[in-house]
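Quick notes on the structure that follows.
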Amino acid sequence: MSTGGLGYLGPEGSFSHQAARRWLAISGCSFPLVPAGDLPALFASAERGKLEQIVCPLENSLEGSVALVLDLWLHESTLRQVGEVVLPVQQWLLVRPGVPMRSVSRVLSHPHALAQCRRTIASVLPGVPQVPASSTAEAARLVAQAPQERWAAVGSLEAARRWGLEPVLGPMEDGGANVTRFGILGWRSPARTGRDRTTLVVGSLEDRPGLLRDILDVLARRGLNLTRIESRPSREGLGRYLFLMDMEGHATDPGVADALASVRRLTGYLRLLGSYPCDPAWGGPASP
Ligand SMILES: O=C(O)C(=O)Cc1ccccc1
């Protein structure tokens, strides 16, 4: 039985925690927030019926998709996307108060955060070992509680406040707008709002030239705007992929419904992963 919680990748102070609070504000829901230790545990709690919805980082404007989330969703879960939150993010170098930056002996963070700051870290902390953590906030918590005081974390100013660390450098991502898009996954599909997005995954039993082109053609002929296409291994062998697609519109819009039926006929496998309202704060990808 669901406890009605909204699960997120914890601990407090993670970007997922910020996205979860923003989702409560957008949706008007009042679920209690429930932190999870890592992404597999987050999905497993939801699948066991312990959570009503979960917040997952899907993609980042500098570093791309979060492959682990896509793989858990596509291969180990029956959840549907019910919403999205688009969050501008900033990364800071966080140390225990008074620790000079030049003495840092190890830098911890989520691999996506380390990758967003690759050039800055190489220039200000050359040769310092980088250690992956399950989230930016977990990195901050570890630095705050480590026996070794010279560790640093990469994370938000909120994580610094929550875990009592001092921001000594930032924003430190390697240029460009840093924005992360989070998916809200659950079981109750929301009603059409008129400004919706639809996510689906297709795979093919047939391996023939032009199949992907034919699929994209179905969408283009109906004027459907694709906002993302991503491939992940289908786990059936080398060269076998699933294609995850986001497009504007709701599965009950006549053009989208018609396109889904045509794509289903073309492919061996189509799973509708959800239709949900677009984040009102996000204008969509920049036009060329
Ligand atoms: O590490 C965090 O703070 C998170 O919320 C997870 C995450 C992972 C990848 C991109 C953005 C956020």
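Both counts, for ligands and for their atoms, begin at 1 and track the order of listing.
Remark: R222 pairs with V218, L224, D258, A259, S262 by the side-chain contact (heavy atoms from CB on, under 4.5 Å) rule, at least two apart or across chains. Considering only residues two or more places apart in sequence or on other chains, Q145 meets the side chain to side chain donor-acceptor pair (under 3.5 Å) condition with R141.
Remark: of the listed residues L93, L169, V107, V107 is the sole one forming a side-chain contact (heavy atoms from CB on, under 4.5 Å) with I121.
Under the 4.0 Å criterion applied to side-chain N and carboxylate O atoms, R118 and D174 are not assigned as salt-bridge partners.
Neither side chain, N178 nor Q91, offers a donor N or O lying under 3.5 Å from an acceptor on the other.
Sorted by chain and number, the residues within 4.0 Å of ligand 1 by heavy atom are L9, S14, F15, S16, P57, V66, H110, H112, S135, T136, T180.
The salt bridge (charged side-chain N to carboxylate O under 4.0 Å, His left out) analysis of residues 5-34, with sequence neighbours excluded, yields the pairs E12-R162, R21-E158, R22-D279.
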